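Presented below is the structure to which this report refers.
Reminder, nothing fancy here: chain letters follow the sequence lines and each chain counts from 1. A quick note: this is a predicted structure, and the numbers were derived from the prediction, not measured.
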Amino acid sequence: MAKMNLLQAINSALDVAMAKNNKVCIFGEDVGHFGGVFRATSGLQEKYGRDRCFNTPLVEQGIAGFANGLAAQGGFPIAEIQFGDYIFPAFDQIVNETAKFRYRSGNEFNVGGLTIRTPYGGGIHGGHYHSQSPEAYFAHTPGLKIVVPRNPYQAKGLLLSSIFDPNPVLFMEPKRLYRAAVGDVPEEEYTLPLGKAEVVKEGTDVTVLGWGAQVEVIEKAVEMAEKDGVSAEIIDLRSILPWDVETVAKSVMKTGRLVISQEAPHTMAFGSEVAATIQDQCFLYLEAPIMRASGLDTPYPLAHEKEYFSDHLKTYEAIKRSLNY
Amino acid sequence: MAKMNLLQAINSALDVAMAKNNKVCIFGEDVGHFGGVFRATSGLQEKYGRDRCFNTPLVEQGIAGFANGLAAQGGFPIAEIQFGDYIFPAFDQIVNETAKFRYRSGNEFNVGGLTIRTPYGGGIHGGHYHSQSPEAYFAHTPGLKIVVPRNPYQAKGLLLSSIFDPNPVLFMEPKRLYRAAVGDVPEEEYTLPLGKAEVVKEGTDVTVLGWGAQVEVIEKAVEMAEKDGVSAEIIDLRSILPWDVETVAKSVMKTGRLVISQEAPHTMAFGSEVAATIQDQCFLYLEAPIMRASGLDTPYPLAHEKEYFSDHLKTYEAIKRSLNY
Amino acid sequence: MANKAATTNNIVTQLEVIPGDAIKIPTFQLLKEDGTVNKGAKLPEIDKELALKMFSTMQFIRLLDERMFAAQRQGRISFYLSSLGEEAASIGSAAALKFEDMIMGQYREQGALAYRGFTVEQFMDQLFSNEKDLGKGRQMPVHYGCAALNFMTISSPLGTQIPQATGYAYGQKQDGKGECTLVYFGEGAASEGDFHAGLNMAAVSKVPVIFFCRNNRYAISTPSTEQFAGDGIAPRAAGYGMKAIRVDGNDIFAVYAATKEARRIAVEENEPVLIEAMSYRMAGHSTSDDPTGYRTKEEEEEWRGKEPMIRFRNWLIKKGWITEEEADAQMAEHKKAVLAELKKAEQVPAPHVDEIIEDVYDTPPEHLKKQLEALKEHIRKYPEAYPATSKGVK
Amino acid sequence: MANKAATTNNIVTQLEVIPGDAIKIPTFQLLKEDGTVNKGAKLPEIDKELALKMFSTMQFIRLLDERMFAAQRQGRISFYLSSLGEEAASIGSAAALKFEDMIMGQYREQGALAYRGFTVEQFMDQLFSNEKDLGKGRQMPVHYGCAALNFMTISSPLGTQIPQATGYAYGQKQDGKGECTLVYFGEGAASEGDFHAGLNMAAVSKVPVIFFCRNNRYAISTPSTEQFAGDGIAPRAAGYGMKAIRVDGNDIFAVYAATKEARRIAVEENEPVLIEAMSYRMAGHSTSDDPTGYRTKEEEEEWRGKEPMIRFRNWLIKKGWITEEEADAQMAEHKKAVLAELKKAEQVPAPHVDEIIEDVYDTPPEHLKKQLEALKEHIRKYPEAYPATSKGVK
Ligand SMILES: Cc1ncc(C[n+]2csc(CCOP(=O)(O)OP(=O)(O)O)c2C)c(N)n1
Ligand SMILES: Cc1ncc(C[n+]2csc(CCOP(=O)(O)OP(=O)(O)O)c2C)c(N)n1
Ligand SMILES: [Mg+2]
Ligand SMILES: [Mg+2]
């Protein structure tokens, strides 16, 4: 065990994976000698050589295309997209190619070895193009797995699972927590399961659900609610696709209430799917409508970041609305 | 009034728009002399010249980028993406650029004149890459409007509204109906409102909602249900973004039940947003969970198209499930 | 740690505007249109066996294309796409590779696949989307693929295979077995952003990949004059610091020789090469297309005179490696085989409905299993509505 | 109706592999590093007034960059990005345009914007995201834009402005007023697919656009040697059949002359031109970057000797158009203005919260109005949590 921040945990996972299997390759913009603009790949080129950790030209569609090819050849490429906001030029390669590679070929070929890492989310004064939470854009895509860790321990365990999972994984890192989140992390290899949510805290009155950096926001909101005497169950989804319907449904059947707190703009954020599914599965148990605290339906503004953001206060208010319904 | 199929109605709308304003320009792959692979732009190059209706090189990101620039310059570009399945290379230009152009500049610049037309949907033996219904991928994007007509009359009126609407519009044409849907269409200019749903048929027991080609499927399903004595209200959403919450909520408050029938894969299709919002707004009125009949969560398969598809039978079964809940 | 960019520091004091046609690339040709050899030309080393294999594959593809086009017209298959006139480009290049090299196609390279050994039956199973199709009937006709033959499954979105080929070749280079990747694409697809990405990345990372552009002058209805303003695709290579070869795509010997040399450069020097094969799409784009709307009969006629098969046939006959009769008899054999397999494949049932959720992931997750169960229950209720699969659902 | 592609039919019978360096482009330079004129070089027609305007803008930008970098370090603004060493490239090119021509930048062309007349106050308002910012505080610092000055608002995603410039120029050509578009981008951004799209489409549709590549040898930490393998960006033009000019980006006269000629070609001949300006990013990428991790002090030192301002200053002094003292006094004036406006801008409040839903669409739709109402109610409940806007919410 060592104290690591989220970046160090990522770096440690990458290090473990590269040491374990020499078909693991890391590439992306500035990830080589420099170690990435956030330093997540720091030291890896030195340790494993330029062939296995290298800078690419500045072209996200190429990074994803190259990664697809390398994975099809039997490798475990780990491609970094410098910011989640810049993943859209790679959208076609990911949605039309990565996700459909195995299915369309009848399993003659697959890109299961692929992992795409990208930092996402706001709270760093990044404005429109360094703040987006694009997970929902990808969640409509059968064939992809989408994973979002919330702390260093999860980051390492989930990333190692993602790298060696026989399916392509989009791994989204909450950059706001890169240095802010610190915790105990084993130095050796370990994995955490994909597709499984985690009950962070048990409770009886309301289920509050989120993923990634938003879980911290939820914890703050729940603290406030607890002062009002509310017992809240907190669930961290961890995987967006496939997602753990069962754990969420079980919780909601117990509490009768669900509040979702999410960073992305309200309309068609992933909470929409959760709400749509849970109202179906738990209809007779629900004592209030499922509430969503989300970002506004606008691009992510700089000066009004605070106002835009679904912070702990808005989440707390949503919990109250649910309970007072 | 003239009898037109859906393609002819589109062609007529384009013709009217080009005659009305000489800053209307049409471009895309094969739309020039040839008139488009579906012939939607047939005759327009001859009539308005190569400068105003022309082939582009084969590059969707370029088509969208060029269109953004031309719209920013004050034009009314109408860009065709040959198939909805091929719009993903243009995803960045649409989601990061088109949608945020006005907001990010504080209204110094805008691309309000832009319309992107693309055929979507299955039922034509097209397999993975000529069948997708990608509207949900775009619906998480503030700044865009998304419009889907279901018949020739709508197609012309909504397309004319889209072209001259001061906001960028993604106009998705149900290609399965291009020749199959025929109806009376005025030859002159007329418009239909964006952002407004249409109550296609009134009813009291259940609301059945869809858009585009799916409305026909719903009508067949409702016919079956009516034989069982059910009175169903059918709503055609027409606009996916912004969408008409009010009309849908009003209907559901009356019927107490909502069934959504959609072509796209189930998870994160646009029905998720509708269900999430309506369970919130109509919680106390709902007598059954909101049901979604959707495509399977797989890529669109060729040989199993029928099995994959959310057809009238599956929609009918969903209606029954809702009523028997 | 320092940027030693080679970019010229050659200083000039007069403004020089480099013209748009600064680079003009000639076309390499060995066989003339009539099948005689160009003066001074040296044919590649091709023995009789190899030559006849290439020719037989060419005849097979010609026949297959003709028959399957007809089958589509008869409503027996839903779609087809012919490679008429471009057989030399795909077969000549495939023949110059090692079997272990990966081929990534666009969709008009059935010649390369047949050369690799894809059987008539395998073609038919794919075209009929039946349960024996390696692709499990999931994609449209002509989207072939076969891992055993090192032929990547075709994907419709254009250009996507280009950067993928670069990545694939990167893995091959790492494995160090002396293998390379050849990737085909049309001059239309070369307009996609993925082309730029794939070529630039290959040049920078020095991987063994051959970019093989079939310039057949059309992208559906769009003539190459509306696709680009320059001298075709080959000159773009220099923009990436990459080697290039332009070849007469209708001359199977020239294509073979060019690809052989490109392969040598790729594998021995770890350098990508761009080949542009000049040809003409003699048929419509696909069975959904009618080219009379956008090009003249005269133009088609002109190119009929340059087509690749007759040229090769004439050479073989003159060489004495085949007779007219043998060539015709071979064609008749191909026809018999195709017709027989066509009839057989038509009878093979569609894939079982259980296949619908396989291969989305390595194993079906819970939600897909539930969706399949619900689907099967539904099919049991309405068996007549799902005739292709209801028999398999008990 | 027929494809009369110009692609050469020049036949060769020997296999010719076109080398990766088939095209080498020299660099046009007028002013040497010491500010003297190259032998035989002819300076463009620039009168004293114009020269001094260019110089003053250059000094202003140098000062602005230095001050705002410092302001970021002091925590007064959140981010800044300097154009140190590249002032000649943006100012020299902007000076060669007509005011009505559209400029689309990447983010390091504050020189062009200042040349157009963006005031110190306007710079400050944007950098402080205050309510007077034309962009309404919505984007990060340095994302300037101004319709009145025909300077398109900067957008972070790289390369997107390139095909947009082609489309914009298409509209200008249609309007027939003799205007063009100049679009800036880095050698890194030139790797994006949008570069390929924008240049190819411009060449095919023959529009008046100038593609201005600032090759400053780095894309954040990535040296140009890992960005491309060829001889820079300029040779790519020939691949599109487009004209190209390579110029010493640190020589303001050469940049001016090259852009002037490119503009003439664009507007008079309706032909796009690619200009590659060779320079060096002397500062870090931005305030978030520290270049010592990826390049040597020696390399930076070497380029300090080639920087553009001292060269121009020396020339002006020798010419007698300015004295050392006048130049220094001008710099002091700029400093005073910047410091004064900085202090003022800091005091201007943030945009009103009502602005948060404006400009998503031309007018806010229902759902946004409801979201704003809910937000304001929320702010009323917790005013101390939203200090920038709570005062404005009654
Ligand atoms: C991304 C994408 N855009 C559009 C299409 C539709 N489409 C299919 S083939 C084709 C033309 C391709 O031309 P070219 O690359 O020259 O190949 P050829 O058909 O001539 O062999 C087009 C536009 C597609 N399949 N993918
Ligand atoms: C699509 C996209 N990918 C990545 C980035 C992150 N990024 C910002 S600047 C930059 C380097 C750009 O280099 P270059 O184009 O050479 O311009 P320079 O900074 O040297 O002026 C990168 C990678 C981005 N803004 N957009
Ligand atoms: Mg072609
Ligand atoms: Mg640069």
Side-chain angles (χ1 to χ4, degrees), chain A residues 60-61 85-97 99-100 103-104 127-129 132 134 136-143 241-243 260 264-284 286 288-292 296-301 325, chain B residues 60-61 85-97 99-100 103-104 127-129 132 134 136-143 241-243 260 264-284 286 288-292 296-301 325:
Chain A
E60 291 77 12
Q61 63 193 111
D85 314 69
Y86 303 137
I87 202 168
F88 300 126
F91 205 77
D92 186 53
Q93 280 285 353
I94 298 172
V95 161
N96 261 346
E97 296 288 318
K100 300 177 175 59
Y103 196 75
R104 75 181 178 207
H128 297 11
Y129 296 119
Q132 295 177 57
Y137 280 116
F138 292 92
H140 188 39
T141 316
L241 201 70
W243 66 287
I260 301 162
H266 187 73
T267 299
M268 282 299 280
F270 192 69
S272 306
E273 180 58 43
V274 175
T277 300
I278 295 301
Q279 64 84 29
D280 188 3
Q281 307 242 324
C282 307
F283 188 73
L284 298 176
L286 281 172
I290 298 167
M291 306 275 173
R292 292 172 285 159
L296 264 60
D297 277 319
T298 71
Y300 202 111
Y325 192 81
Chain B
E60 292 76 12
Q61 64 193 112
D85 313 70
Y86 304 136
I87 202 167
F88 300 126
F91 205 77
D92 186 53
Q93 279 286 351
I94 297 172
V95 161
N96 260 346
E97 296 289 317
K100 301 176 174 59
Y103 196 74
R104 75 182 178 207
H128 298 11
Y129 295 118
Q132 294 176 57
Y137 280 116
F138 292 92
H140 188 40
T141 316
L241 201 71
W243 67 286
I260 301 162
H266 187 71
T267 299
M268 283 298 281
F270 192 68
S272 307
E273 180 59 43
V274 176
T277 300
I278 294 302
Q279 65 85 30
D280 187 2
Q281 307 243 324
C282 306
F283 188 73
L284 297 175
L286 281 172
I290 299 166
M291 307 275 173
R292 292 173 286 159
L296 263 60
D297 275 321
T298 71
Y300 202 110
Y325 192 81

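- With a 4.5 angstrom heavy-atom cutoff, B/Phe270 touches chain A via backbone and side-chain atoms both.
- Using a 4.5 Å cut-off between heavy atoms, B/Gln61 touches chain A through its side chain atoms alone.
- Atom OG1 of B/Thr277 is separated from atom CZ of A/Arg292 by 4.5 Å, given to the nearest 0.5 angstrom.
- The shortest heavy-atom contact between A/Ser272 and B/Glu273 is OG-OE1, 2.6 Å.
- At a 4.5 Å heavy-atom cutoff, the contact between B/Ala288 and chain A is made by backbone atoms alone.
- Taking every heavy atom of both residues into account, B/Ala139 and A/Thr267 meet most closely at O-CG2, 3.6 Å.
- Interface residue B/Leu286: backbone and side-chain heavy atoms are both found under 4.5 Å from chain A.
- The structure places NZ of A/Lys100 at 13.0 Å from OH of B/Tyr300, a figure rounded to the nearest 0.5 Å.
- By number of non-hydrogen pairs under 4.5 angstrom with chain B, the leading residue of A/Leu284, A/Ile94, A/Leu296 is A/Leu284.
- Contacts between B/Leu241 and chain A at a heavy-atom distance below 4.5 Å involve the side chain alone, from C-beta outward.
- In this structure, A/Phe88 and B/Phe91 have tilted ring planes: the angle between them lies in the 30° to 60° band.
- The CH2 atom of B/Trp243 sits 11.0 Å away from atom CE of A/Met268, with the distance rounded to the nearest 0.5 Å.
- In this view, B/Asn96 and A/Gln132, B/Asp92 satisfy the side-chain hydrogen bond (donor to acceptor under 3.5 Å, both in side chains) rule, not counting sequence neighbours.
- The nearest pair of heavy atoms linking B/His140 to A/Pro265 is CE1-O, 3.1 Å.
- Contacts of B/His266 classified as ring-ring contact (aromatic ring centres under 6.0 Å, His included), with partners at least two apart in sequence or in another chain: none.
- Of all heavy-atom pairs spanning B/Pro301 and A/Tyr103, the tightest one is CB-OH, 3.8 Å.
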